[in-house]
Amino acid sequence: IADYQGVSFPLADSLTELSAGANAAAKLINAHGGFGGRKVVIVQCNSQLTPAVATTCAHTVLAAHPIAEFGCELASAGSGLEILAAAHVPSVNCLNNADDYKNPYSFGIVAGSIGQQAALAKWLCTRKAVKVVSNLQVDLPVYHSVIVPAVTAILQKCGKTVSSTFYPLSAVDPTTYINQVVQAKPDFVNFTGIGAQ
């Protein structure tokens with residue numbers, strides 16, 4: 001079993017904590033004989049939220065001859081997942097886009113951004129007092145191309161007014177972006193914080 005998913009930037013480091021948890025779990029599992037006599041091996045790779053690097057990470061995982069891959073990484077669906085699936089290696093990951101949901105070798109570890117965000121949007125549709133929703137989201141391609149459009153479509157379909165503001169991962173203080181959100185006079189703010197924010 002191999003784990004490669006994680007992201008590490010100076011202001012957004014999930015890789016360190018995910019690796020610490022994965023290594024602690026592997027140590028305990030291996031002390032009890034592993035899974036069916038097979039040891040858990042952790043292969044760490046920082047995808048940097050980049051499909052090309054996620055592809056390299058997938059090849060690194062395959063070199064360890066895994067029976068499954070675990071992790072949570074936003075760029076994997078369009079790159080690493082395809083490679084793992086072609087090798088018939090199940091990927092237990094965060095579900096972030098349509099590929100994650102449709103690929104027969106992809107299994108959800110959590111609802112992932114698109115699952116959580118869509119559920120939130122559907123819940124907001126039941127709130128009559130909420131008329132204006134502002135998204136304050138991370139300035140990453142998956143939020144621009146998949147997550148925010150999906151959430152916006154759900155909210156607009158039920159009559160909500162939606163605005164979106166994106167902040168870079170390097171923004172230690174998101175005040176500038178929050179001020180943009182406040183200008184829309186929202187009844188509800190959907191804020192995804194990653195890293196220093």
Side-chain angles (χ1 to χ4, degrees), residues 1-120 137-143 146-147 168-170 172 191-197:
I1 297 178
D3 176 284
Y4 80 99
Q5 306 294 344
V7 179
S8 181
F9 292 106
L11 298 172
D13 181 8
S14 66
L15 186 61
T16 300
E17 60 191 44
L18 291 173
S19 293
N23 282 304
K27 185 177 178 180
L28 182 62
I29 292 166
N30 289 337
H32 289 88
F35 288 107
R38 293 187 72 164
K39 286 179 65 178
V40 175
V41 177
I42 304 300
V43 177
Q44 178 180 304
C45 190
N46 179 7
S47 72
Q48 302 169 22
L49 295 175
T50 306
V53 180
T55 298
T56 300
C57 289
H59 286 296
T60 302
V61 168
L62 286 178
H65 308 289
I67 58 169
E69 175 274 329
F70 291 83
C72 185
E73 200 278 333
L74 297 172
S76 177
S79 54
L81 176 60
E82 294 174 3
I83 291 163
L84 292 165
H88 304 285
V89 174
S91 180
V92 183
N93 219 303
C94 293
L95 305 177
N96 293 299
N97 66 32
D99 291 340
D100 285 322
Y101 284 97
K102 293 177 183 175
N103 191 302
Y105 285 92
S106 178
F107 301 89
I109 199 165
V110 297
S113 294
I114 189 67
Q116 294 166 359
Q117 297 278 340
L120 173 64
Q137 303 291 347
V138 186
D139 191 5
L140 294 172
V142 71
Y143 282 89
V146 178
I147 296 169
L169 281 173
S170 59
V172 176
F191 174 47
T192 298
I194 298 175
Q197 300 76 25

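With hydrogens and angles ignored, the 3.5 Å screen pairs a side-chain donor or acceptor of Thr56 with a backbone N or O of Ala52.
To the nearest 0.5 Å, atom CD of residue Glu69 and atom OG of residue Ser106 are 9.0 Å apart. Atoms CG and CG, from Asn23 and Leu28 in turn, are 12.5 Å apart once rounded to the nearest 0.5 Å. Rounding to the nearest 0.5 angstrom, the gap separating the CD atom in Gln116 from the CD1 atom in Ile147 is 9.5 Å. Rounding to the nearest 0.5 angstrom, the gap separating the OH atom in Tyr105 from the CD1 atom in Ile83 is 15.5 Å.
For the 3.5 Å distance criterion, the side chains of Thr192 and Gln117 qualify, holding a donor opposite an acceptor.
In plain terms, the two heavy atoms of Asn30 and Lys39 that are nearest each other are OD1-CA, 3.3 Å. Smallest separation of non-hydrogen atoms from Ile67 and Arg38: CG2-NH1, 2.6 Å.
Contact annotation: the side chain of Phe35 approaches that of Val40 to within less than 4.5 Å [non-hydrogen atoms, C-beta and beyond].
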